[in-house]
Asks: 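Pasting a structure below so you can have a look.
All residue numbers refer to positions in the sequence shown, counting from 1.
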Amino acid sequence: MTRSVRDVIASATTVLASVGVDSPAADARWLLAHVLGVSQGRLLLVDDISDAVAKDYDDLVAARARRVPLQHLTGSASFGPVELAVGPGVFVPRPETELLYAWALEVAEGDSPTIVDLCSGSGALAIALAVSLPRARVHAVERSPIAAQWLRRNVDDAGVTDRVHVHLGDATDSAAVSAFVGGPVDLVVSNPPYVPTGVPVSQEVQADPAEAVFGGGDGMSVITPMVGVIAQILRSGGRVGIEHDDTTSASVVAVMTGSGAFDEVQEHRDLAGRPRFVTARARMDR
């Protein structure tokens, strides 16, 4: 027996929509493509699936309806030019962070810049930048031993072990980070924990490690001390970009400006107009 691809996708879309999944049709297609081992584009070439395949698909749809993150079910997440392995214990990179990645590509200077990714998680920013800048040297700093396992796996899978150096440590520990990088760096990027504690988050975000999501009562418990670390490791004229909660842009600007170590402090918004990340330049006269 077989089932129509159109029918199973339509049924799955209805199930996912009924429980409030944000993109039910897209998720339904992603899951079926994953079960079949094909790209979404090739789904157009498939008319029917067997009952056995349909059963596997229904099981995944049921899990997604329980709000298990799509990326946990497929085992991967796309970010810029790379595909990352993800699962329980590591933060799933979001498309919005690709704006920070694109900014970093624009400002990276020199043939072989030294880049630091603080709170690296799965390695999304570190690996995407290493792949896009073939002569860059990247330091990826992550505090969680579990997340660091995913990070190392992704570095290996991307074939950039010679240029992305993984460090297990706290991004707010100035002495440790300075020892990791070994000298002034050209560019720092970070997508740190920044959601204020107590702010409601989606069920998918609840599946991420809390330590990778929440940044204290004001959302700044990691960012504030991290700014001092960045000021120490960034060369004069070097650039930094930090993602933040959409309610804390002014706080991030204030901390960076108040440190006295930066100029050209700027807010950046995402495609929906929400404050997304702040960038700055290390002062030339410090």
Side-chain angles (χ1 to χ4, degrees), residues 1-99 101 121-122 124 128 146-147 150 153-154 191 193-196 198-214 243 245-246 270-274 276:
M1 297 289 292
T2 61
R3 290 171 60 184
S4 160
V5 164
R6 178 180 295 181
D7 288 346
V8 296
I9 290 178
S11 176
T13 299
T14 299
V15 170
L16 297 181
S18 72
V19 296
V21 170
D22 287 339
S23 51
D27 285 18
R29 291 192 297 271
W30 268 115
L31 290 173
L32 185 56
H34 173 69
V35 170
L36 293 173
V38 302
S39 67
Q40 282 203 65
R42 293 191 65 82
L43 284 179
L44 296 173
L45 304 178
V46 182
D47 294 324
D48 301 294
I49 58 175
S50 69
D51 283 344
V53 170
K55 173 63 168 59
D56 291 341
Y57 179 59
D58 289 344
D59 289 344
L60 285 180
V61 171
R64 185 69 185 99
R66 297 193 299 271
R67 307 303 288 272
V68 177
L70 174 69
Q71 297 84 353
H72 285 194
L73 297 173
T74 63
S76 66
S78 297
F79 186 87
V82 298
E83 195 75 18
L84 303 162
V86 294
V90 69
F91 183 83
V92 174
R94 270 48 172 191
E96 293 84 359
T97 305
E98 293 189 18
L99 296 173
Y101 154 71
S122 66
I146 297 175
W150 290 101
R153 172 181 171 180
N154 286 323
N191 179 18
Y194 59 64
V195 177
V199 170
V201 295
S202 70
Q203 290 176 266
E204 286 80 2
V205 174
Q206 291 175 28
D208 286 319
E211 66 176 343
V213 174
F214 296 103
E243 187 166 327
D245 188 71
D246 56 14
D270 61 22
L271 298 179
R274 294 182 295 257
R276 177 57 55 185

Asks: Per the salt bridge (Lys or Arg N to Asp or Glu O under 4.0 Å) rule, which among D56, D51, D47, D58 passes with R3?
Replies: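 For R3, the salt bridge (Lys or Arg N to Asp or Glu O under 4.0 Å) check succeeds only for D58.
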Asks: Are the side chains of R94 and D208 in touch, meaning some heavy atoms are under 4.5 Å apart?
Replies: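 Yes. Closest side-chain heavy atoms under 4.5 Å.
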Asks: Would you say T13's side chain and I9's backbone share a donor-acceptor pair under 3.5 angstrom?
Replies: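 Checking the backbone N and O of I9 against the side chain of T13, a donor-acceptor pair under 3.5 Å is found.
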Asks: What I'd like to find out is whether the side chain of R64 reaches to under 4.5 Å of the side chain of V21, using heavy atoms alone.
Replies: yes
Asks: If you count every heavy atom of other residues, nucleotides or ligands that lies below 6.0 Å from L45 atom CG, does the total exceed 12?
Replies: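 Yes.
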Asks: Compare every heavy atom of V86 with every heavy atom of S122, then report the nearest pair and how far apart it is.
Replies: CB-CG1, 4.3 Å
Asks: Any donor-acceptor pair under 3.5 Å linking the side chain of R67 with the backbone of A207?
Replies: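 Flag not set: sc R67 to bb A207 has no pair under 3.5 Å.
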Asks: What's the shortest heavy-atom distance between A77 and V92, and which atoms?
Replies: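 Shortest heavy-atom separation between A77 and V92 comes out as CB-CG1, 4.3 Å.
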Asks: Between the side chain of N154 and the main-chain N/O of A124, is any donor-acceptor distance below 3.5 Å?
Replies: no
Asks: Considering all heavy atoms of both residues, which atom of F91 and which atom of A212 are nearest to each other, and what is their separation?
Replies: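 Shortest heavy-atom separation between F91 and A212 comes out as CB-CB, 3.9 Å.
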Asks: Which pair of non-hydrogen atoms, one from V199 and one from F214, has the smallest distance, and what is that distance?
Replies: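 Taking every non-hydrogen atom into account, O-CE2, 4.0 Å.
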Asks: So which heavy atom on P93 is nearest to which on F79, and how close?
Replies: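 Residues P93 and F79, closest heavy atoms: CB-CD1, 4.0 Å.
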Asks: Residues two or more places apart in sequence or in another chain: which of them pass side-chain hydrogen bond (donor to acceptor under 3.5 Å, both in side chains) with D48?
Replies: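 None.
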Asks: Quick one: are H72 and L70 in side-chain contact, heavy atoms under 4.5 Å?
Replies: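 Side chain of H72 against side chain of L70, heavy atoms only: no contact under 4.5 Å found.
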Asks: To the nearest 0.5 Å, how far apart are CG in D27 and CG in L60?
Replies: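 Answer for the CG-CG pair, D27 versus L60, is 11.5 Å.
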Asks: Using a 3.5 Å distance criterion without hydrogens, assess whether the side chain of Q40 forms a donor-acceptor pair with backbone atoms of A33.
Replies: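 No.
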Asks: When rounded to the nearest 0.5 angstrom, what is the spacing between CG in L73 and CG in D59?
Replies: 10.5 Å
Asks: Out of the candidates L32, V35, V53, V61, only one should pair with V8 under the side-chain contact (heavy atoms from CB on, under 4.5 Å) rule; please name it.
Replies: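 Passing option: L32.
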Asks: What is the distance from atom CD of Q71 to atom CD of E204, rounded to the nearest 0.5 Å?
Replies: 8.5 Å
Asks: Do the side chains of Y101 and P81 get nearer than 4.5 Å, heavy atoms only?
Replies: yes
Asks: Minimum heavy-atom separation for E98 to S78, with atom names?
Replies: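 Taking every non-hydrogen atom into account, OE2-O, 4.1 Å.
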Asks: Distance from D245 atom CG to R274 atom CZ, nearest 0.5 Å?
Replies: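 It comes to 10.5 Å.
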Asks: Roughly how far, to the nearest 0.5 Å, is CZ of R276 from OG1 of T97?
Replies: 7.0 Å
